[in-house]
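For reference, the structure is listed below as structure tokens.
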Amino acid sequence: MTKIAGRRWVVTGAAGNIGSALRAALHDRQVTLVSTDIRAVDPVGPHDCVAQTDLADLDALVELFAGADGVIHLGGISDEADFHDLAEVNIVGTYHVLEAARRAGVARVVSASSNRLTGLYGSGDHITPEMPPRPDGFYGVSKVAGEALCRLYADKFGISTVSLRIGSYEDRPGSAREQRTWLSPADAVRAFIAAMTTTQHTAVFYAVSANTGGWWDLAEGTAIGYVPQDDAAAWGDREHIDPDVPQGGVYATPAYSTDRMRR
Ligand code: NAI
């Protein structure tokens, strides 16, 4: 396994679900962390430097990123919301992270994308990252923009960028959908470490466990060294989902978006 001890990695969205667990795992592997969030962040240990920062503040991000080897960008709105908020926090926020990385001379940015970017494909479809996006809502649209920004910074500015289309990050799969989309906490750590250490300049892959009957192609993840070890099948028999039902399930319904519009 690639040695990561002694590296200096910034984590945005550090106070969130994935950020909190991932930081603890990286700290155990002797990564020096700079953990930031708009909320207060509890340090996970003596090698965790915490800072409260809004993704809207580009100058503060540039300062924070100085001397870092890489950035793991998890911060933002993590579900459907009013489009104006998603545009501001997820799209402009991701632009600020990438631009701050460019100004601070950071070599790699790994950004949390989402399976919801392809949630309007049918449950009978097998999806690869090369297929056109079919977002299941405005949140998914914000992640399409995030992936495009990552690709731009890789192609135009030479920063290595990896977008992880995260499945359903849960301790255990809790629904028929999650039997296909589950990402275990241990596999999440494997996915982020692979993304942060791959020799590939840029990549997009589904960060999902090796679920029996899963919807998404794992080859792009394997190519960068992500080998998931968990399978939702260990938690029980797979329930049937009609092949015509959108992969996004309830997230793909019109009401899931209109209910969250401010105006
Ligand atoms: P979370 O909602 O628990 O954490 C997101 C963090 O971002 C929060 O701590 C929040 O305070 C912070 N944040 C929000 N606005 C901010 C701003 N303006 N400036 C700075 N920080 C801000 O989300 P979670 O579950 O940890 O997900 C992390 C990332 O992974 C998100 O980008 C999410 O969209 C993505 N993702 C998560 C999935 C999951 O199953 N949890 C599935 C697919 C994608």
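Remember, it's a predicted structure, so these values are computed and weren't measured experimentally. In each ligand, atom 1 is the first atom listed, and ligand 1 is the first ligand listed.
At a 4.0 Å heavy-atom cut-off, ligand 1 does not touch Ala56 at all. Neither the backbone nor the side chain of Arg116 comes within contact range of ligand 1; no heavy atom lies under 4.0 Å. Of all the heavy atoms of Thr53, the ones lying under 4.0 Å from any atom of ligand 1 belong exclusively to the backbone.
Evaluated by nearest non-hydrogen atom to atom 6 (C) of ligand 1, the leading choice among Asn90, Ile38, Ile77, Asp37 is Asp37. Compare Tyr139, Tyr169, Trp182 by their heavy atoms: the one nearest to atom 36 (N) of ligand 1 is in Tyr139. Considering each of Asp57, Ile18, Asn17, the one bringing a non-hydrogen atom nearest atom 41 (N) of ligand 1 is Ile18. Closest heavy-atom approach to atom 44 (C) of ligand 1 among the candidates Ala40, Ala112, Ser113, Ser78: Ser113.
The protein non-hydrogen atom at the shortest distance from atom 42 (C) of ligand 1 is Gly167 O, 3.0 Å. The single protein non-hydrogen atom nearest to atom 4 (O) of ligand 1 is Gly16 CA, 3.4 Å, given as residue, atom name and distance.
In this structure, Gly76 counts as a contact residue of ligand 1, since one of its heavy atoms falls inside 4.0 Å of the ligand. Put simply, no part of Arg165 is less than 4.0 Å from ligand 1, judged by heavy atoms. At a 4.0 Å cut-off, not a single heavy atom of Ser20 sits close enough to ligand 1 to count as contact.
If you check the side chains of Thr161 and Thr202, you find a donor sitting under 3.5 Å from an acceptor. For the residue pair Thr118 / Tyr206, a side-chain donor-acceptor distance below 3.5 Å is found, with atom types taken as modelled. For Ser168 and Glu170, the side-chain atoms include no donor-acceptor pair closer than 3.5 Å. No side-chain N or O of Ser163 forms a donor-acceptor pair with one of Glu147 less than 3.5 Å apart.
Taking a cut-off of under 4.0 Å to the non-hydrogen atoms of Gly13, the atoms of ligand 1 that pass are 6 (C), 7 (O). Shown in contact with Ser168 at under 4.0 Å from a heavy atom are these atoms of ligand 1, numbered in order with element: 40 (O). Each of the following atoms of ligand 1 lies closer than 4.0 Å to a heavy atom of Ile166: 30 (O), 36 (N), 38 (C), 42 (C), 43 (C), 44 (C). Interface of Asp54 with ligand 1, defined as ligand atoms under 4.0 Å from a residue heavy atom, comprises 17 (C), 18 (N), 19 (N). Interface atoms of ligand 1 facing Gly75, defined by a heavy-atom separation under 4.0 Å, are 7 (O).
Checked by distance only, ligand 1 and Leu74 come closer than 3.5 Å through their nitrogen or oxygen atoms. Not one N or O of Val89 is nearer than 3.5 Å to an N or O of ligand 1, by distance alone. Among the atoms of Leu55, some N or O lies under 3.5 angstrom from an N or O of ligand 1.
Side chain of Arg39 to backbone of Ala15: a donor-acceptor contact under 3.5 angstrom is found. At distances below 3.5 Å, at least one donor-acceptor pair connects side-chain atoms of Trp215 with backbone N or O atoms of Ser123. Side-chain atoms of Ser209 come within 3.5 Å of backbone N or O of Ser184 as a donor-acceptor pair. Side-chain atoms of Asn90 do not come within 3.5 Å of backbone N or O of Gly76 as any donor-acceptor pair. With hydrogens and angles disregarded, a donor-acceptor distance shorter than 3.5 Å links the side chain of Tyr226 to the backbone of Val208. In this structure, the side chain of Glu220 does not engage the main chain of Ala203 through any donor-acceptor pair within 3.5 Å.
Comment: Asp85 engages Arg262 in a salt bridge, judged by a side-chain N to carboxylate O separation of less than 4.0 angstrom.
Remark: Arg116 is not positioned above the aromatic ring of Tyr139, lacking an NZ or CZ atom under 6.0 angstrom from the ring centre and at most 45 degrees off the axis.
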